[in-house]
There are 2 protein chains.
Amino acid sequence: MNIIITNSSGLPIFEQIENSIKEAIFSNELKEGEMLPSVRSLANELKISFLTVKRAYDELEKAGFIKTVQGKGSYVSPKNLNLIKEEKLKEIQNYIEKIYEVSKISNISKEEVIELFKMIFEEEI
Amino acid sequence: MNIIITNSSGLPIFEQIENSIKEAIFSNELKEGEMLPSVRSLANELKISFLTVKRAYDELEKAGFIKTVQGKGSYVSPKNLNLIKEEKLKEIQNYIEKIYEVSKISNISKEEVIELFKMIFEEEI
DNA sequence: TATCTGTTATATTCAAATTATAACACTTTA
DNA sequence: TAAAGTGTTATAATTTGAATATAACAGATA
């Protein structure tokens, strides 16, 4: 799995780990039932404290993405990814609606918004 | 003026004040040349330190929204439409960045986001 | 039993935000 | 001109969240 943590991201480390693992689950790089790296091994790999990894795992469990069993490890939960994706699409739709409102009120053209959109989405390389 | 500060917002107090005042300026509730509450009076009203209010005012001045004169007070600067537009563009940019994060994590393609974007923006044009 | 797993408790470090306090400087006005 | 408003500055302390270090504990499994 490809977990990269940066200090320049603005996000705390435990959230970066959370996001990386969510991505891996959505992309099916981590499959249902698959075991995640142990808190200690991932902590060693990333050269951080295992408590930070544990915190990320705890949040992921609370959100229903993984299930942790003492003595065994953490496993990807069976999940209806389509359902989650629908939720995320709605979330995105809400953001776009807000953008629409702001742009309308401030006399910002659709083209200008598209320009920003391209800038941010094509940073990806 | 209606300044509400919450601890649940995640934003530091000085930023919440900044945002409230920007809103008031955008909505013309605070008009050009109008005097803002003094740092001490607003601090008393919100039951916070005047230094926190000062920090908010300092940032607003740095951004060009108000002008502070020692011994007199802080005043709303003459409206600069470009400044306001820049501010709104920043707001939109923040939304797009959030969309980018959500879509990346949830494996939602750029095309799907564009689709939503078109739907919402072409509804009323 | 050894060695993996996760869990818990305690204390510490660190940075950013916020506060408390006191003194100082400028403006207005009674 | 003195008083009472403004803002300014400096210093130290506190608070909070994130992250760490360490040690001890508990369950799973070969």
Side-chain angles (χ1 to χ4, degrees), chain A residues 1 3-22 25 30-77, chain B residues 1 3-22 25 30 32-77 101:
Chain A
M1 193 172 19
I3 296 179
I4 297 168
I5 57 180
T6 329
N7 32 13
S8 65
S9 93
L11 289 179
I13 299 177
F14 75 91
E15 266 190 59
Q16 298 183 41
I17 296 173
E18 260 190 270
N19 289 341
S20 296
I21 291 178
K22 279 186 195 168
I25 292 177
L30 278 174
K31 297 172 187 45
E32 267 188 42
E34 190 168 340
M35 185 175 168
L36 298 173
S38 78
V39 285
R40 281 190 177 80
S41 68
L42 184 53
N44 284 334
E45 191 183 322
L46 300 178
K47 302 191 198 320
I48 58 176
S49 162
F50 75 85
L51 290 168
T52 307
V53 178
K54 176 164 169 46
R55 171 149 187 202
Y57 282 17
D58 284 347
E59 306 270 352
L60 285 166
E61 176 157 29
K62 209 186 301 171
F65 285 95
I66 68 175
K67 178 75 186 161
T68 294
V69 184
Q70 184 171 2
K72 297 187 72 178
S74 298
Y75 301 87
V76 179
S77 293
Chain B
M1 191 171 22
I3 295 180
I4 298 169
I5 57 180
T6 329
N7 32 14
S8 66
S9 95
L11 289 180
I13 299 176
F14 75 91
E15 266 189 59
Q16 298 183 41
I17 296 173
E18 259 190 89
N19 290 339
S20 297
I21 292 178
K22 277 183 196 168
I25 292 177
L30 279 174
E32 274 187 39
E34 188 167 342
M35 185 176 169
L36 298 173
S38 77
V39 286
R40 281 190 176 80
S41 68
L42 185 51
N44 285 334
E45 191 183 322
L46 300 178
K47 303 190 196 322
I48 58 177
S49 162
F50 75 86
L51 290 168
T52 308
V53 178
K54 177 164 168 44
R55 172 150 185 201
Y57 283 16
D58 284 348
E59 306 270 352
L60 285 166
E61 176 157 32
K62 209 187 301 172
F65 288 95
I66 67 176
K67 178 76 183 159
T68 294
V69 184
Q70 184 171 1
K72 298 187 72 179
S74 299
Y75 302 87
V76 179
S77 292
E101 285 308 314

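Small disclaimer: the values here were computed from a predicted structure and weren't measured. Residue numbering restarts at 1 for every chain, and letters A, B, ... go by the order of the sequence lines.
Looking at B:Glu18, its side chain never comes within 3.5 Å of a backbone N or O of B:Ala56 through a donor-acceptor pair. Side chain of B:Ser41 to backbone of B:Pro37: no donor-acceptor contact under 3.5 angstrom is found.
Computed from coordinates, the B:Met35 CE to D:dT6 P distance equals 6 Å when rounded to whole Å. Look at CD on B:Gln16: it is 8 Å from P on C:dT18, rounded to the nearest Å. Atom NZ of A:Lys67 is separated from atom P of C:dT7 by 10 Å (rounded to the nearest Å). One atom, CG of B:Leu51, and another, P of D:dT11, lie 14 Å apart when rounded to the nearest Å. In this structure, CD1 of A:Ile13 is placed 14 Å from C1' of C:dT13, rounded to the nearest angstrom. One interatomic measurement links the two molecules: OH of A:Tyr75 to P of C:dT5, which rounds to 10 Å at whole-angstrom precision. In this structure, the CG atom of B:Leu11 is 18 Å from the P atom of D:dT16, given to the nearest Å. Between the NZ atom of B:Lys47 and the P atom of C:dA20 there is a distance of 12 Å, given to the nearest Å.
Between B:Lys54 and A:Glu15, the one whose closest nucleotide on DNA chain D sits nearer the 5' end is B:Lys54.
With C:dT5, C:dT18, D:dA18 as the choices, the nucleotide that has an atom nearest any side-chain atom of B:Thr52 turns out to be C:dT18. When distances are taken from the side chain of B:Phe14 to each of D:dT8, D:dA19, C:dA17, the shortest belongs to C:dA17. For B:Val39, counting side-chain heavy atoms from C-beta on, the closest listed nucleotide (D:dG7, C:dG6, C:dT18) is D:dG7. Picking from C:dA17, D:dG7, C:dT19 the nucleotide with the shortest atom distance to the side chain of B:Arg55 gives C:dA17.
Going from atom OG1 of B:Thr52 over to atom CZ of B:Arg55 covers 9.0 Å, rounded to the nearest 0.5 Å.
Ion pairing of B:Asp58 with B:Lys62 is absent here, as no side-chain N (NZ or NE/NH1/NH2) approaches a carboxylate O to less than 4.0 Å.
A:Tyr75 approaches A:Gly33 most closely through the heavy-atom pair CD2-O, 3.4 Å.
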- Would you mind building the protein contact string for nucleotides 23-30 of chain D? One character per nucleotide, 5' to 3', B for base within reach (heavy atoms under 4.0 Å), S for sugar-phosphate only, - for untouched. BB-BBSS-

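At least one side-chain nitrogen or oxygen of B:Ser38 sits closer than 4.0 Å to the OP1 or OP2 atom of D:dT6.
Of the N and O atoms on the side chains of A:Ser77 and A:Glu32, not one donor lies less than 3.5 Å from an acceptor on the other residue.
Here the side chains of A:Ile13 and A:Leu46 are not in contact, with every heavy-atom distance at 4.5 Å or above.
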